[in-house]
There are 2 protein chains.
Amino acid sequence: MRTAKLTTDGTITLKHVAALAGVSPITVSRALNKPDTVSDKLREKIERAVEQLGYVQNHVAGALASAGSNVIPVIVPSLSNTVFVEVVAGIQEIAQKTGYQLMLGNTDYDLDQECALVSTFLGWSPPGLIIAGMKHLERTHTLLKRYGKPVVEVMEYGAHPIDMNVGLSHYQAGEAMAKHLIERGYKQIVFVGCQLTADYRAWQRYKGMDRVLAKAGLTRRPPVALEQTSHVQVGGPALIDVLATQPDVDAIFFANDDLAVGAILRAQRDGIAIPGRVAIAGFNGLGLAELVMPALTTIVSPRMEIGRIAAQQLFDRLASRSPRRRRVDVSFELIARQST
Amino acid sequence: MRTAKLTTDGTITLKHVAALAGVSPITVSRALNKPDTVSDKLREKIERAVEQLGYVQNHVAGALASAGSNVIPVIVPSLSNTVFVEVVAGIQEIAQKTGYQLMLGNTDYDLDQECALVSTFLGWSPPGLIIAGMKHLERTHTLLKRYGKPVVEVMEYGAHPIDMNVGLSHYQAGEAMAKHLIERGYKQIVFVGCQLTADYRAWQRYKGMDRVLAKAGLTRRPPVALEQTSHVQVGGPALIDVLATQPDVDAIFFANDDLAVGAILRAQRDGIAIPGRVAIAGFNGLGLAELVMPALTTIVSPRMEIGRIAAQQLFDRLASRSPRRRRVDVSFELIARQST
DNA sequence: ATGAAAGCGCTAACAG
DNA sequence: CTGTTAGCGCTTTCAT
């Protein structure tokens with residue numbers, strides 16, 4: 001009732017502003033959207049009218065009439081994982097500065113859900129879209145291709161982006177860590193991660209590691225794939241479990257720093273020598289990694305930077321400046337500390 | 001050029017689907033939005049047409065015609081702070097399940113920015129809105145009131161919500177921690193936080209603590225307000241600094257667990273006895289808090305739950321079920337561990 | 001620099 | 001259960 005009344009007669013539209021200012025609606029529209037195309041006198045009058053009526057622009061109508069909005073969908077697989085949040089934060093930073101809004105979608109690592117989200121989001125006539133990952137359903141691909149506007153795939157760096165791509169090679173990251181561990185003399189290396197089927201980037205790191213192990217002629221162990229969602233709490237029990245079931249293991253490459261930090265903290269508590277009894281490595285480069293004892297060897301990925309670059313690429317294209325490069329490998333840095 | 005072409009003639013609309021299915025556009029609309037109001041036969045035919053043409057609903061047009069969208073704006077002061085992200089995740093969980101989309105805004109702890117965001121977001125005719133905090137500009141208040149649809153203010157629990165409110169009293173949380181510290185015999189207690197002017201909830205915790213200190217006749221110290229953004233990295237240096245400049249301090253109440261964990265990790269490294277030399281307490285109840293040594297005394301706030309409840313309240317109202325309560329105090333739990 | 005007319009794609013309201 | 005008519009509030013032409 002109340003809402004109905006509001007939308008029926010309470011709403012203040014361009015017309016009302018126009019009437020009060022004594023101009024035509026289109027002039028008000030211009031004054032609001034392209035201020036310099038309207039004379040100072042009228043603009044001031046209009047601004048006063050807007051203020052007086054408390055007019056709020058209806059972006060829905062605007063988007064329909066101009067067949068485009070300033071809302072950028074951002075699709076990520078999870079919000080419980082810091083990593084994606086940081087990417088979103090990076091995008092946000094640039095987007096908000098440039099006057100764009102973000103619409104947030106969460107796939108829960110489910111490609112069908114992802115496809116549904118893409119479809120819904122495209123219905124909002126966004127000027128572009130940012131999506132985590134390069135592995136999508138065929139249908140998602142088709143939707144995005146046909147859509148024909150800038151799309152940035154982030155997190156991974158891969159060969160055949162739909163449009164633009166900003167990320168790093170997780171496969172190479174895995175290789176790098178394996179090489180590092182081998183250099184330090186470890187021979188019985190195992191990969192531990194959570195939900196490895198869904199989190200295929202972690203899987204890629206495993207594969208990278210596995211390849212190096214194979215080439216070096218070292219024991220190739222199947223990855224330890226935990227069912228739970230990745231949490232700092234999970235690392236400790238995982239460490240204990242690996243040590244019990246595979247006592248000959250001398251190094252663990254955890255899928256991420258949360259797990260690795262959890263393991264180190266537990267080792268400390270239980271008096272397990274790191275790296276004496278077993279070496280521990282992580283991935284991400286969280287701030288925490290350098291604070292624990294021993295400090296954690298890890299691979300730093302520039303998450304927020306990925307977000308910033310992705311957004312920048314997108315906006316460059318929207319401003320019809322062509323982006324620097326269609327594909328950006330932000331790379332990574334292995335930081336060797338005391339835990340290995 | 002390419003995009004222009006796409007939007008000019010490449011776009012597939014309801015009409016096209018209707019034509020192909022041999023029905024009127026409104027029937028297609030109904031088949032898509034209220035499937036049970038259309039006969040099975042037609043619905044199937046329509047679905048096939050949709051599939052065949054790869055039709056994507058235009059939500060902008062839908063929202064304009066029906067004067068309402070299913071996009072819920074969520075406004076938070078920061079994305080770098082886990083706490084808000086968890087609330088957003090909670091909201092997301094419920095929203096996505098219910099078929100709503102989130103539009104994310106970040107105020108950077110700036111009330112003017114907040115007002116601008118509210119104004120923009122209202123232009124998208126959202127059915128409701130969720131915003132962190134209860135401290136807004138007068139103008140923001142007016143906008144939200146006049147808007148007349150469900151609004152949920154989250155994080156704090158306060159006396160005069162615009163509409164609905166889900167959160168906890170940070171003042172009481174501060175009191176609780178002060179009482180705990182006093183009970184354990186600490187007498188020289190100081191509060192340490194980052195950006196205390198912007199993060200007024202942390203300030204409220206300080207005030208709560210200060211009040212209890214005053215009542216107990218203990219030394220009241222000004223809070224240590226650090227300039228940097230709150231990070232686990234900041235905790236260590238802060239600890240060292242406090243110990244150097246206020247050597248008589250015997251307990252530190254950090255504004256959050258990140259800082260407190262950073263301090264504990266540093267203490268461990270430097271051989272500072274916790275709680276022997278100084279006791280340390282935090283706020284939030286991060287998973288990490290129980291893993292460090294000594295385990296951290298902290299106050300657990302149900303962040304994700306706040307998000308879930310807020311979303312639930314909102315959707316209850318949208319379904320014209322009136323929400324259970326207009327104001328929900330989710331409360332908090334003090335967990336005393338070894339660090340105090 | 002300003003205005004008039006037309007329509008974006010969809011759905012509310014009513015009719016059948 | 002299905003269709004017709006009208007219009008959401010704005011912006012895009014195209015004039016002036």
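The chains referred to below are lettered A, B, ... by the order of the sequence lines, with proteins before strands, and numbering in each begins at 1.
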Does [X] reach a base, just sugar-phosphate, or nothing at all? Heavy atoms under 4.0 Å.
X       : value
B:Asp40 : nothing
B:Val60 : nothing
A:Val23 : sugar-phosphate

Using atom types as modelled, flag every donor-acceptor pair under 3.5 Å from a side chain in residues 46-53 of chain A to any protein atom, sequence neighbours excluded.
none

Going through the checks in order, is the side-chain hydrogen bond (donor to acceptor under 3.5 Å, both in side chains) test met by B:Gln57 and B:Asn33?
CA-CA 10 Å; B:Gln57 261 185 289; B:Asn33 298 316; 3.1 Å; yes
I want to verify a distance call: between [options], whose nearest atom is closest to the [X] side chain?
X       : options               : value
B:Asn33 : C:dT2, C:dC10, C:dT11 : C:dT11
B:Leu42 : D:dT2, D:dG3, C:dG9   : D:dT2
A:Ala61 : D:dT11, C:dT11, D:dG9 : D:dG9
A:Ser66 : D:dC1, D:dT12, C:dC10 : D:dT12
A:Ser24 : C:dT11, D:dC10, C:dG3 : C:dG3

Run the side-chain donor-acceptor check on residues 119-130 of chain B: report pairs under 3.5 Å with partners two or more places apart or on a different chain.
residue, atom, partner, partner atom, Å
B:Thr120, OG1, B:Ala116, O, 2.8

Using a cut-off of under 3.5 Å, enumerate the N/O to N/O pairs linking the protein to nucleotides 14-16 of chain C.
none

